[in-house]
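In what follows, every heavy atom counts, from backbone to side chain, and hydrogens, waters and symmetry copies are set aside. Naming convention: chains lettered A, B, ... in sequence-line order (proteins, then strands); numbering from 1 in each chain.
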2 protein chains.
Amino acid sequence: MAQRKRKDLQLSEAEWKVMHAVWECAPATARDVLDTLGDETEWAYTTVKTMMTRLVDKGALKTKMRGNTSVYVPALTKNHARTSALRGLLDRAFGGTMGSMMHFLVEEEKLTAKERREILRRLSEDQA
Amino acid sequence: MAQRKRKDLQLSEAEWKVMHAVWECAPATARDVLDTLGDETEWAYTTVKTMMTRLVDKGALKTKMRGNTSVYVPALTKNHARTSALRGLLDRAFGGTMGSMMHFLVEEEKLTAKERREILRRLSEDQA
DNA sequence: TGACGACTTCTACAGATGTAGTATCTTCAG
DNA sequence: CTGAAGATACTACATCTGTAGAAGTCGTCA
């Protein structure tokens with residue numbers, strides 16, 4: 001099994017959904033997460049609870065009891081998770097370099113004209 | 001289980017390795033792939049063979065017998081696979097929009113100065 | 001012709017992921 | 001005090017992923 005350095009945790013699709021909900025309404029209970037997800041999923045309460053328990057194991061969430069209820073907060077920021085996920089994609093699919101992904105984006109027309117302008121604007125103003 | 005439209009197949013980490021090898025030396029036998037991978041992995045021959053069989057099932061590879069040996073060719077291009085993978089990352093981690101990923105890249109300093117210059121160059125020359 | 005090597009198909013098994021039921025416990029409203 | 005509502009921990013099970021052994025088949029070389 002590819003054993004990437006601990007700390008570089010990869011989230012599964014379902015886990016991302018839960019994390020998004022937690023980032024949105026932390027500190028959150030499983031019930032809060034279920035409500036936040038709304039009709040985005042049809043999950044049973046226990047499904048969410050199970051995933052949150054696993055996310056605690058993975059180190060993506062922290063939990064604390066309040067009365068008889070577990071309250072969860074993220075153990076990493078959304079940006080941190082995004083960075084890991086991106087890193088994973090880069091490693092798997094783009095030979096590990098940002099450059100080759102950018103090349104792909106630019107050459108393969110994955111960007112709309114609007115996105116291009118936006119990026120140009122940001123990059124150049126930031127660089128000045 | 002999140003049931004994305006078939007066709008939008010997501011490759012696992014090990015599968016990416018195999019696919020990279022096949023793209024590199026197609027048409028390729030399992031042996032070719034194993035050789036191409038070199039010391040990148042310690043896989044047994046049958047491990048590679050199993051994965052290639054699964055990739056055929058998934059529709060990522062096509063196979064044909066030559067004598068008593070299976071010869072494989074990719075059933076999708078690297079760019080196609082990259083697009084799917086990127087799409088997956090976008091959906092999972094960036095709310096499904098390219099824009100928010102680019103925002104992340106630009107604002108979060110994920111790019112080196114060199115990469116920025118490179119992107120600027122490509123974008124602007126392409127846009128002219 | 002028989003052993004060796006290369007290939008194939010089958011089977012296996014552990015860990016991760018998706019999804020949820022069940023049994024139990026806590027609390028609050030009557 | 002009792003029961004419903006809601007929380008928890010445990011258990012379960014199918015599928016996917018990573019990894020590979022076992023057994024059978026075929027061609028070749030001595």
Open item on the list: Which residues pass the side-chain contact (heavy atoms from CB on, under 4.5 Å) test with A/Ala75, not counting sequence neighbours?
Closed with: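 Testing A/Ala75 for side-chain contact (heavy atoms from CB on, under 4.5 Å), a comparison that skips the adjacent residues, returns A/Lys62.
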Please determine whether a side-chain nitrogen or oxygen atom of [X] lies at a distance below 4.0 Å from atom OP1 or OP2 of [N].
{"X": "B/Lys49", "N": "C/dC7", "answer": "no"}
{"X": "A/Thr47", "N": "C/dA20", "answer": "yes"}
{"X": "A/Ser70", "N": "D/dT8", "answer": "yes"}
{"X": "A/Tyr45", "N": "C/dG21", "answer": "no"}

Task: Protein-to-nucleotide contact annotation, 5' to 3' order, nucleotides 22-30 of chain C [B base; S sugar-phosphate only; - none; under 4.0 Å, heavy atom] - done: B---S----
TODO: Could you check which residues of residues 19-26 of chain B get a heavy atom under 4.0 Å from DNA chain D? Sort them by number, please.
DONE: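 Under 4.0 Å from DNA chain D: no residue of residues 19-26 of chain B.
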Open item on the list: At 4.0 Å (heavy atoms only), tell me whether B/Arg31 reaches a base, stays on the sugar-phosphate, or touches nothing.
Closed with: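 Sugar-phosphate: the residue B/Arg31, judged by heavy atoms under 4.0 Å, touches backbone atoms but no base.
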Who are the side-chain hydrogen bond (donor to acceptor under 3.5 Å, both in side chains) partners of [X], not counting sequence neighbours?
{"X": "B/Thr47", "answer": "none"}
{"X": "A/Thr29", "answer": "A/Asp32"}
{"X": "A/Thr46", "answer": "none"}

Open item on the list: Does B/Thr50 contact D/dA20 through a side-chain donor or acceptor facing the base, at a distance under 3.5 Å?
Closed with: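 Answer is yes: a donor-acceptor pair is held.
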TODO: Give the rounded distance in Å between these two atoms: CG of A/Leu34 and C1' of C/dA20.
DONE: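 In whole Å, C/dA20 C1' lies 13 Å from A/Leu34 CG.
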